[in-house]
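Note on naming: letters A, B, ... go to the chains in the order of the sequence lines (proteins, then strands), and numbering restarts at 1 for each one.
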Number of protein chains: 2
Amino acid sequence: MAPKTPQWRGLADEIAREIAAGTAGYRPGDQLPQIRDLVAQGKGSKTTILAAYKALEAEGLVSMIRGHGTKVRKRPPHQIRRHQQRYVWEKKLAGGPAEDRQNNGVVEMDTGLDHDQVECHATFSVIPADAELSERFGVDVGTLMLHRHYWHSTPGDPTALSLIDSYLIHEVAARNPDLLDSSKEPWPGGTHHQLSTIGIEIDRIDDGIRTRLATQAEARKLGIPVGSAVILLGKTSVSTDGDVVEYSHVVLPGERTELRYSVPLERWPQ
Amino acid sequence: MAPKTPQWRGLADEIAREIAAGTAGYRPGDQLPQIRDLVAQGKGSKTTILAAYKALEAEGLVSMIRGHGTKVRKRPPHQIRRHQQRYVWEKKLAGGPAEDRQNNGVVEMDTGLDHDQVECHATFSVIPADAELSERFGVDVGTLMLHRHYWHSTPGDPTALSLIDSYLIHEVAARNPDLLDSSKEPWPGGTHHQLSTIGIEIDRIDDGIRTRLATQAEARKLGIPVGSAVILLGKTSVSTDGDVVEYSHVVLPGERTELRYSVPLERWPQ
DNA sequence: GAGTGGTCTAGACCACTGT
DNA sequence: CAGTGGTCTAGACCACTCC
């Protein structure tokens with residue numbers, strides 16, 4: 001009945017223990033023994049050692065770079081996202097005086113980083129609505145949509161903090177030509193203020209949260225190991241007229257992100 | 001610059017396309033060609049084919065069972081959890097008439113399944129608070145805690161829908177001895193009503209959402225492939241006195257769960 | 001016991017990173 | 001170019017499932 005462990009699992013567990021214990025040579029940034037060396041030491045064949053290293057990589061403990069080596073990963077800072085608070089704050093900001101919008105970026109609230117510590121990258125395109133978008137917005141398939149792709153990073157580090165695809169109905173967004181211009185990003189005051197310039201007020205935001213393994217492209221951009229998990233956030237903004245006016249699809253690195261929601265409850269009558 | 005794809009990736013993609021297209025032999029429940037056969041057909045060595053199949057398993061498309069075969073997975077029903085609505089509803093139920101509580105289980109609301117389609121399993125134990133629990137509840141390390149482990153399933157199917165670990169301060173829970181008795185579960189009216197019997201009203205619930213790869217044990221219990229992602233939900237209940245009175249740690253199968261939260265926004269002044 | 005996936009080896013050769 | 005991970009092979013043997 002003993003659950004026998006494969007050799008590669010045993011080796012992976014052994015190394016994981018060393019890392020957890022902080023043994024010299026197994027501290028963050030240190031380079032692990034090379035695969036060839038362990039083979040020479042008789043720890044197993046190359047395939048076996050590689051399986052152990054791959055397991056550690058999938059668990060986020062080490063990072064393997066071809067031609068470079070295998071290193072113990074430094075724990076990246078945890079990102080806590082309080083969307084509820086953020087949405088409320090963002091709307092208030094958009095409705096307030098212009099000087100507040102200049103000094104308080106929406107991105108900073110998102111990431112908890114300073115104003116000059118975040119770079120915003122944006123590329124816009126116009127695409128026809130596919131079946132999914134047409135259902136979300138309640139428009140015909142083929143309706144032109146403004147597709148805005150964003151990603152944020154810290155200066156000097158190409159690692160993205162999140163990958164965002166945002167969609168608006170093109171005809172609606174075009175009522176203010178500035179909204180079609182990616183060079184206006186980051187827009188002070190965020191999406192709430194953008195939409196307010198074309199007479200739209202957001203009444204409610206619905207978040208849907210799912211998870212799956214990162215694709216290779218996502219893993220590269222977010223700086224996480226392939227095979228690790230991402231959080232998928234679908235954010236639907238509904239106007240005071242009851243129309244879906246914006247939909248965003250956000251990909252977040254699972255291992256270093258926590259989403260928080262707070263649900264206040266009505267008190268029972270005394 | 002051509003991003004060359006390994007042979008195993010190419011094979012996996014080819015099979016994934018067949019599955020997506022619904023080709024005969026690649027429909028849900030169908031058995032995939034055996035590894036030995038593909039080797040005989042010259043599609044690659046056993047290691048290569050196995051890597052392709054493993055990739056498909058990690059992506060949730062197929063399930064491999066040793067000694068049995070590799071089959072195309074049936075898409076399990078997607079579970080949508082609206083916690084916000086649920087928390088509000090659950091509190092209202094607990095404050096209302098007893099007959100409502102008998103007829104409306106909290107679990108059913110959770111899973112969207114019928115009353116007689118859900119089995120509830122509960123085991124209770126008393127443990128000393130570790131550092132994490134002591135911080136969450138604001139009690140000393142070593143304080144006795146009531147640890148309640150739950151899992152739900154559909155009759156005849158050992159697959160769990162979720163794995164729940166719930167914690168209460170033992171001294172507090174003991175004010176109603178029924179709360180220490182696992183045979184009283186499932187408790188009509190849920191945790192809100194349980195706590196109301198000892199004079200506690202829940203004022204606010206905070207959800208924290210993270211993700212990571214499933215452990216082997218979780219994968220087995222939830223019926224998901226090892227290496228796939230789970231959603232971790234930490235649920236903190238705060239009483240009207242401002243104390244943390246319950247903390248639950250919920251593990252959900254990532255690939256078939258979606259969490260939804262809705263954030264209503266205050267209207268701008270006219 | 002037949003069938004089928006899982007682990008392991010020993011070694012060839014490829015592809016990327018850095019000097 | 002040297003160093004280091006990634007892919008692939010051919011085949012032996014193990015472990016689990018189902019009959």
>> The test is side-chain hydrogen bond (donor to acceptor under 3.5 Å, both in side chains); show your working for A/Asp165 and A/His249 and say whether it passes.
In response: CA-CA 5 Å; A/Asp165 288 290; A/His249 184 266; 4.7 Å; no
Has B/His121 got a side-chain atom pairing as donor or acceptor with B/Trp151's backbone, closer than 3.5 angstrom? yes
- Item | Evaluation steps, side-chain hydrogen bond (donor to acceptor under 3.5 Å, both in side chains), between B/Glu246 and B/Ser166 | CA-CA 7 Å; B/Glu246 195 234 354; B/Ser166 165; 2.7 Å; yes
- Query: In terms of the angle between their ring planes, are A/Tyr150 and A/Phe124 parallel, tilted or perpendicular, with boundaries placed at 30° and 60°?
  - Reply: perpendicular
When the rotation axes relating C1' atoms of four end pairs to the next four are compared across the helix from C/dG1-D/dC18 to C/dG18-D/dC1, five pairs an end, they differ to 10° by 30°
**Asked** Hey, is the main chain of A/Arg27 close enough, under 3.5 Å, to the side chain of A/Glu18 for a donor-acceptor pair?
**Response** no
* Asked: Donor-acceptor pair, B/Thr48 side chain versus B/Gly44 backbone, under 3.5 Å?
  -> no
| query | If only atom types and distance count, is the side chain of A/Glu57 paired as donor or acceptor with the main-chain N or O of A/Thr70 below 3.5 Å? | reply | no
With sugar-phosphate taken as primed atoms, P, OP1 and OP2 and all else as base, the protein-contact string of nucleotides 2-10 of chain C at under 4.0 Å (heavy atoms; B, S, -) is -BBBBBSBB
